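Please read these numbers as outputs of a predicted model, since none were measured by experiment.
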Amino acid sequence: IEQPTFPKITEMCVKMIRRVNDEEGIKKLVNETFQKLWFTPTLHHDKEAMTRKILNITDVVAACRDTGYDWFEQLLQNLLKSEEDASYKPVKKACTQLVDNLVEHILKYEESLSDSDNKGVNSGRLVACITTLFLFSKIRPQLMVKHAMTMQPYLTTKCSTQNDFMVICNVAKILELVVPLMEHPSETFLATIEEDLMKLIIKYGMTVVQHCVSCLGAVVNKVTQNYKFVWACFNRYYGALSKLKNQHQEDPNSTILTANKPALLRSLFTVGALCRHFDFDQEDFKGNSKVNIKDKVLELLMYFTKHSDEEVQTKAIIGLGFAFIQHPSLMFEQEVKTLYNSILSDKNCSVNLKIQVLKNLQTYLQEEDTRMQQADRDWKKVAKQEDLKEMGDISSGMSSSIMQLYLKQVLEAFFHNQSNVRHFALNVIALTLNQGLIHPVQCVPYLIAMGTDPEPSMRNKADQQLVEIDKKYAGFIHMKAVAGMKMSYQVQQAINTCPKDPVRGFRHDESSSALCSHLYSMIRGNRQHRRAFLISLLNLFDDTAKTEVNMLLYIADNLACFPYQTQEEPLFIMHHIDITLSVSGSNLLQSFKESMVKDKKKERKPSSDEETESDSNSGSGSESEEEASKPRRLRKRVNSDSDSDEENDINAVMKCLPENSAPLIEFANVSQGILLLLMLKQHLKNLCGFSDSKIQKYSPSESAKVYDKAINRKTGVHFHPKQTLDFLRSDMANSKITEEVKRSIVKQYLD
């Protein structure tokens with residue numbers, strides 16, 4: 001058999017490895033496969049096998065550059081955890097071999113970068129190798145301790161391409177994790193790292209600054225305690241910001257400010273980044289000074305959030321987000337609450353600012369999660385030595401209070417037409433729920449709504465959150481299901497690109513599946529919950545519910561396309577449609593009849609002769625009204641031609657229409673619910689191939705087993721309620737009453 005080429009192997013590996021968090025059986029299979037493929041020790045003399053392994057791993061890492069590396073971390077954690085208590089640890093040994101050989105490969109690639117023919121290829125390989133080393137360092141930083149001095153010179157890489165920047169960022173991330181673990185590192189080595197990092201902070205852009213400040217934080221706070229070095233850097237940028245603020249206050253239109261905009265943007269970002277990793281209110285930094293640095297920084301950054309230039313506002317908000325990670329209590333300040341909530345709730349506010357506020361909250365929660373996990377690991381180590389039963393966590397209490405402040409506005413961001421805003425709002429809610437910071441019931445309707453998002457990654461994430469909530473709190477999903485359906489309609493309204501087109505409740509692809517099919521599949525297993533949910537949806541079609549027509553169409557679409565499995569499900573719906581029609585339908589026709597007038601003589605009082613004649617005719621004067629209000633099939637036929645019959649019927653009713661057109665429009669509006677139910681019943685009958693007798697015989701009180709048979713769905717049956725679609729497209733509810741509109745409503749009544 002022909003051996004697959006490297007790209008094919010890489011593609012297969014990427015597909016398999018992404019299933020690492022799947023159900024237990026698949027998860028076990030993935031772990032076993034990659035343990036054999038990558039994490040089994042290689043014989044020392046078999047260099048070829050090791051090179052193949054290195055190339056395969058780095059190819060897979062390179063292929064996942066845009067989608068993230070969570071799978072690698074999860075895989076490595078799973079495998080290392082599985083052998084924690086074993087005496088022989090093959091995975092640990094294999095990891096040591098891989099790390100050592102990756103470092104060797106890096107040195108080879110660097111040598112070959114001088115070869116201009118393969119420069120691009122080897123530059124890509126170098127990035128992939130260093131990225132893979134960072135992933136190992138993240139899970140087992142001890143593996144890289146002996147290689148730290150080999151990595152340090154890469155901080156001086158001359159940056160001319162995207163790959164060069166990636167090398168610097170990944171080396172900074174590796175040193176951040178590894179240097180604090182080194183025993184007695186030389187002072188020269190540490191001083192060189194500090195100087196290299198400072199040069200990079202001063203010279204390069206946001207991403208490099210962020211990673212280098214983070215690395216500097218680890219080196220200074222945990223190893224060198226060289227606080228004066230950092231304090232000087234902070235004062236440089238803080239002083240520049242103060243000066244620019246004073247200039248702006250004196251003359252907001254000054255040309256000096258325009259010329260200094262790059263310096264302003266850099267200062268806003270760098271001051272925030274430094275405040276994230278260093279607490280400048282410590283005596284080690286400011287000495288005996290009584291000035292409260294964090295309040296001064298807050299005041300300075302808040303000033304620039306009101307700047308007229310959106311780019312300056314964005315950088316100021318980024319700086320604030322960094323400062324809040326070191327000092328979360330600042331998020332309780334009234335001016336911060338007003339800033340965040342106004343940006344999130346103002347529909348006219350810039351999308352970039354909304355996204356940045358959501359990113360700030362996301363980063364804060366991610367940092368808190370990392371802190372909590374570290375505290376948990378530390379506690380477990382201590383708990384093994386001492387009999388500790390519990391550990392109070394103050395920070396999670398603060399996170400919870402903070403999220404309660406901003407929760408409503410974050411949830412409302414789900415109704416934004418930009419997918420990026422919805423994406424970050426969902427990330428914040430997922431982190432909040434995973435950390436148990438709020439009661440999940442308030443998020444359920446919003447998550448149901450996000451489960452209808454057009455982007456698969458977002459709806460899968462929302463659905464996953466619902467599954468987790470359902471596992472822990474049975475009944476919550478059912479309790480909020482109808483509210484969730486209504487909210488999902490609002491989300492669809494928000495993202496509807498063409499307002500003239502009615503919002504539909506199914507996917508416009510081959511599947512034509514209901515947008516809320518995942519919600520239904522979660523509820524359908526419990527017969528009582530399923531029936532209550534379906535009845536609640538059908539009750540929205542009642543004329544007293546006053547539900548808007550487009551929402552009824554949306555719900556009817558979902559009911560038409562839900563993933564029904566047994567005959568009982570559609571039969572139950574059809575049974576309740578009949579009940580609703582018998583009441584609401586009759587009421588609707590009756591109210592229309594009552595609005596009709598006996599004849600056009602109503603405008604003047606009848607004379608005594610006319611009254612006498614009317615009495616003697618004993619009601620024959622109202623014949624036209626009675627005639628018009630009879631069901632068409634019972635009406636007297638004058639002409640055998642059906643079109644002529646219909647025309648006569650319409651004319652007969654038209655004569656009896658009242659002068660006031662309000663009841664007509666009300667009837668046209670309310671009757672859409674009845675028409676949709678009639679169409680829905682016919683659709684389900686066609687879809688499932690039910691006979692009239694089967695529908696008539698059905699009784700909801702019958703044993704569940706009687707109708708437990710699987711549905712035999714017909715293909716190519718689509719739900720297309722033409723009258724309602726025409727009603728919505730023509731905006732009849734708001735149109736001027738013309739003769740044509742009147743005739744249309746009369747035809748609807750006769751139908």
If every non-hydrogen atom of [X] is compared with every non-hydrogen atom of [Y], which pair is closest and at what distance?
| X | Y | answer |
| --- | --- | --- |
| V99 | L143 | CG1-O, 3.7 Å |
| C129 | Y109 | SG-CE1, 3.6 Å |
| R507 | T452 | NH1-O, 4.1 Å |
| G124 | N163 | N-ND2, 3.7 Å |
| A172 | C215 | O-SG, 3.4 Å |

Is it true that the side chains of [X] and [Y] contain a donor and an acceptor less than 3.5 Å apart?
| X | Y | result |
| --- | --- | --- |
| Y364 | S399 | yes |
| S350 | E310 | yes |
| Q74 | N78 | yes |
| T314 | N352 | no |
| Q362 | N427 | yes |
| E73 | Q77 | no |
| N460 | S457 | no |
| D46 | T42 | no |
| Y446 | E412 | yes |
| H423 | D453 | no |

Test side chain to side chain contact (heavy atoms under 4.5 Å, CB included) applied to N31 and S82, step by step | CA-CA 10 Å; N31 287 340; S82 67; over 6 Å; no
Candidate pair L365 and M403, rule side chain to side chain contact (heavy atoms under 4.5 Å, CB included), full reasoning = CA-CA 9 Å; L365 290 169; M403 285 321 298; 4.0 Å; yes
Spacing of [atom1] belonging to [X] relative to [atom2] belonging to [Y], to within rounding of 0.5 Å:
| X | Y | atom1 | atom2 | value |
| --- | --- | --- | --- | --- |
| I343 | Q356 | CD1 | CD | 9.5 Å |
| L197 | L175 | CG | CG | 7.5 Å |
| I402 | L437 | CD1 | CG | 9.5 Å |
| L330 | C275 | CG | SG | 9.5 Å |
| I168 | C159 | CD1 | SG | 3.0 Å |
| L426 | C443 | CG | SG | 10.5 Å |

Donor-acceptor pair, [X] side chain versus [Y] backbone, under 3.5 Å?
| X | Y | value |
| --- | --- | --- |
| K222 | P180 | no |
| S517 | S513 | no |
| R459 | P454 | yes |
| S214 | Q210 | no |

Tell me, please, which residues at least two apart from K203 pass side chain to side chain donor-acceptor pair (under 3.5 Å).
-> none
Is the [atom1] atom of [X] crowded by more than 12 outside heavy atoms at less than 6.0 Å?
| X | atom1 | value |
| --- | --- | --- |
| D509 | CG | yes |
| Q374 | CD | yes |
| K53 | NZ | yes |
| K89 | NZ | yes |

For F39, check ring pair (Phe, Tyr, Trp, His ring centres under 6.0 Å) against everything at least two apart and list the hits.
-> none
Excluding sequence neighbours, so at least two apart, what forms ring pair (Phe, Tyr, Trp, His ring centres under 6.0 Å) with Y154?
-> none
Contact between [X] and [Y] at the side-chain level, heavy atoms closer than 4.5 Å - yes or no?
| X | Y | answer |
| --- | --- | --- |
| Q442 | L407 | yes |
| R422 | I495 | yes |
| V351 | N420 | no |
| Y237 | F269 | no |
| Q152 | F189 | yes |
| C169 | T207 | yes |
| L301 | I317 | no |
| C13 | F34 | yes |

Taking the six-membered ring for Trp and the full ring for Phe, Tyr or His, determine whether the centres of F136 and F72 are under 6.0 Å apart.
-> yes
Within the 6.0 Å centroid threshold, strictly below: F278 and F234 = no
Can E104 and K108 be said to form a salt bridge (Lys or Arg N to Asp or Glu O under 4.0 Å), step by step?
-> CA-CA 6 Å; E104 276 181 33; K108 278 182 198 168; 5.1 Å; no
Pair E32 + K36: basic N to acidic O under 4.0 Å | no
Look at K81 together with E84 and state whether they make a salt bridge at an N to O cut-off of under 4.0 Å.
-> no
side-chain hydrogen bond (donor to acceptor under 3.5 Å, both in side chains) between N101 and Q97, worked out | CA-CA 6 Å; N101 278 277; Q97 284 184 343; over 6 Å; no
Could you give me the CA-CA distance, side-chain angles and deciding distance for Y69 and T131, then say whether side chain to side chain contact (heavy atoms under 4.5 Å, CB included) is met?
-> CA-CA 10 Å; Y69 304 111; T131 307; 3.7 Å; yes
Verdict with supporting geometry, E176 and K173, salt bridge (Lys or Arg N to Asp or Glu O under 4.0 Å) | CA-CA 5 Å; E176 179 185 342; K173 289 192 279 186; over 6 Å; no
Can you check side-chain hydrogen bond (donor to acceptor under 3.5 Å, both in side chains) on H211 and N170, steps first, answer last?
-> CA-CA 8 Å; H211 292 305; N170 280 310; over 6 Å; no
Chi angles and distances behind the salt bridge (Lys or Arg N to Asp or Glu O under 4.0 Å) call for D59, R125 = CA-CA 8 Å; D59 276 346; R125 286 255 176 235; 2.8 Å; yes
Tell me, with the steps shown, if H277 and L216 meet side chain to side chain contact (heavy atoms under 4.5 Å, CB included).
-> CA-CA 8 Å; H277 296 284; L216 191 64; over 6 Å; no
Full working for salt bridge (Lys or Arg N to Asp or Glu O under 4.0 Å) between E11 and K15 | CA-CA 6 Å; E11 199 179 318; K15 282 181 181 173; 3.8 Å; yes
